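A short write-up of the structure that comes next.
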There are 2 protein chains.
Amino acid sequence: MNKETPLKKIRTKKGIYVLPNLITTASLFCGFYSIIASFQDKFFIAAVTILVALVLDGMDGRIARITNTTSKFGAEYDSLSDVIAFGVAPSLLAYNWAMSLYGKWGWIVAFIFVVCGALRLARYNIQIGIIESKVFNGLPIPAAASVIATTVLFYDYVGMEGKFPSYYLLIFVTMIALLMVSNIKYYSFKDMKLFVRKPFMSFFALVIILILAVAETQIMAFIVFLGYAISGPIWWVIKYSRLLAQRAREKKKNKQQQNPLSGQDKE
Amino acid sequence: MNKETPLKKIRTKKGIYVLPNLITTASLFCGFYSIIASFQDKFFIAAVTILVALVLDGMDGRIARITNTTSKFGAEYDSLSDVIAFGVAPSLLAYNWAMSLYGKWGWIVAFIFVVCGALRLARYNIQIGIIESKVFNGLPIPAAASVIATTVLFYDYVGMEGKFPSYYLLIFVTMIALLMVSNIKYYSFKDMKLFVRKPFMSFFALVIILILAVAETQIMAFIVFLGYAISGPIWWVIKYSRLLAQRAREKKKNKQQQNPLSGQDKE
């Protein structure tokens, strides 16, 4: 009788996996701490905590998959943590770092970043399993957050500390935000094979990059994330121009087939 | 051929419903603006925007259901908006309003509120359709946010403006946070029928409450939300004490049945 009390009956507790959700909580904490730090003008800490959240966010899903502890709860919680650590935190970092000097426009651009981040996450969550996973549809929100964080670290490193007013930053943050909700494709690194043989030269290039990353962390991190953000549009332009060239060729072919004498007439 | 270009093939755009998602965006904006306002010590605005977000959040889902425009995208986006407007915003409001004076403990308590809010949302999202909907499992996050917002408005109204240090607030916010993740049941108002006949006196009581709400909005809002937050534990205590009483009665009954002469012996 004791086990069938009405109080216990309505409980639906099944328990949650500790390790992956603990890592998600740590990621959420980094995002939360970043917000407080950026409002205290501690921009370096605010930027670093976002990058720590990025590392943790990369870990939780992988650990859950390896240890076979993936759960619907974990996915939901991870998504809520992401919108804070990679949506709200970097937006407020950019706002406090430089955009607040523009008053209304400062928080409007910061809000655009948050909205685009949330829309990107919501779209990603409903497209899991539907869209091919070799490419990302739009700049992923952790990458967008990292672009902002590494930009702050880069400026801090080259000596432009503290608040600096610049219209460029408003445009820059808006562009990054729009890339998130765009349909531009980004390489997902999911078909990258680290356990196969590679050409000697490409391995050597990787070593050089790693040495530079250790020697000039701030600069390399900035270049890597900005490069990734730009890679999508470049990829798109190359694809689109190839497509246009192909179409032009086909049009010419069709024309020649339709009136095969027209070319000869002119000669 | 034009419609089958590789660029357009990989798109999975199906379009999103404008009105409900626009209301969700407005709710998100309120949450975002509240964060900025609370860091500028504009506590009244920060609290009011959270309550506006509450009204908008109540609208979006209902409008989507009425106009038959519910979508998985809308639900995901709504959830991400909620964690910002009802998790991060009220936590930072409480932090900036009074808790920041306690340094480390201030942001630890603020973080506890955010984590509990995110956990509550993640649990709610995976329990939709599983648990009975007549009651909420734990204090809903919009209600928890409103308790904090109306507390700030109440103190502002009775003249205790600006920052005030109080250990009580740290405990209060922690309690509200823990109520969210608890298994304490809350009335969901989902079986409340507004279109049926009610006794004259209960209608009259409602009118009196509405008049008071207009006359003393801040005080009434504070009482209503705090009352709701307390209603769960009170309900639980009543239920549990009834259960204990019932068990004691049954135990007594069983004892009497096992040795029916024991009572007579003593006489």
Side-chain angles (χ1 to χ4, degrees), chain A residues 1-2 5-7 10-13 16 21 24-25 28-29 31-33 35-36 39 71-84 87-88 91-92 95-96 100 107 110-111 114-115 117-119 121-127 130-132 135 137 183 185 236 239-240 243 247 250, chain B residues 1-2 5-7 10-13 16 21 24-25 28-29 31-33 35-36 39 71-84 87-88 91-92 95-96 100 107 110-111 114-115 117-119 121-127 130-132 135 137 183 185 236 239-240 243 247 250:
Chain A
M1 192 225 97
N2 263 357
T5 58
L7 261 179
I10 32 180
R11 282 191 189 170
T12 52
K13 274 205 291 185
I16 54 172
N21 288 311
T24 307
T25 307
L28 174 59
F29 175 74
F32 180 78
Y33 197 80
I35 296 172
I36 291 182
F39 272 102
S71 63
K72 207 164 169 285
F73 177 86
E76 289 282 348
Y77 185 41
D78 188 46
S79 189
L80 296 170
S81 159
D82 284 358
V83 81
I84 295 171
V88 181
S91 136
L92 291 174
Y95 174 77
N96 287 309
S100 63
W107 58 253
F111 178 62
V114 174
V115 171
L119 289 173
L121 270 171
R123 186 178 64 176
Y124 178 77
N125 288 348
I126 61 164
Q127 282 182 347
I130 297 174
I131 202 167
E132 50 172 334
V135 292
N137 201 17
N183 277 309
K185 302 293 171 288
W236 185 85
K239 247 177 157 180
Y240 199 75
L243 194 78
R247 260 188 220 169
E250 274 170 15
Chain B
M1 194 225 94
N2 264 358
T5 58
L7 262 178
I10 33 181
R11 282 192 190 169
T12 49
K13 273 207 289 189
I16 53 171
N21 289 311
T24 306
T25 306
L28 175 58
F29 175 74
F32 181 77
Y33 197 80
I35 296 171
I36 291 182
F39 273 101
S71 63
K72 205 164 170 285
F73 176 86
E76 288 282 347
Y77 186 40
D78 189 46
S79 189
L80 295 171
S81 159
D82 284 0
V83 82
I84 295 171
V88 182
S91 134
L92 292 175
Y95 174 77
N96 287 308
S100 63
W107 58 253
F111 179 62
V114 174
V115 171
L119 289 173
L121 270 171
R123 186 177 64 175
Y124 177 78
N125 287 348
I126 61 163
Q127 282 182 346
I130 298 174
I131 201 167
E132 52 173 334
V135 292
N137 201 16
N183 277 311
K185 303 292 172 289
W236 184 85
K239 248 178 153 178
Y240 200 73
L243 193 76
R247 261 190 220 169
E250 275 170 15

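Just so it is clear, the structure is predicted and the values come from calculations on it, not from any experiment. Each chain gets a letter, A, B and so on, in the order the sequences are listed, and its residues count up from 1.
Note that NZ of B:K72 is 10.5 Å distant from CD of A:Q127, once rounded to the nearest 0.5 Å. The CG atom of B:N21 sits 8.0 Å away from the CG atom of A:L119 when rounded to the nearest 0.5 Å. Atom CG of residue B:L28 and atom CZ of residue A:F111 lie 4.5 Å apart, to the nearest 0.5 angstrom.
Note on A:T24, A:D78, A:L92: by heavy-atom pairs under 4.5 Å with chain B, the leading option is A:L92. Each of B:S79, B:G31, B:A110, B:S81 has some count of heavy-atom pairs under 4.5 Å with chain A, and the biggest count is that of B:A110.
Remark: A:T25 engages A:Y77 in a side chain to side chain donor-acceptor pair (under 3.5 Å) (not counting sequence neighbours). Residues satisfying the side chain to side chain donor-acceptor pair (under 3.5 Å) test with B:S91, not counting sequence neighbours, are none.
Considering only heavy atoms from C-beta on, A:I126 comes within 4.5 Å of B:E76 through its side chain. Looking at heavy atoms from C-beta onward, B:N96 lies out of side-chain contact with A:F39 at the 4.5 angstrom threshold.
Interface residue A:V88: only side-chain heavy atoms are found under 4.5 Å from chain B. Looking at A:F32, only its side chain comes within 4.5 Å of chain B, counting heavy atoms on both sides.
The aromatic rings of A:F29 and B:W107 sit tilted, their planes meeting at an angle between 30° and 60°.
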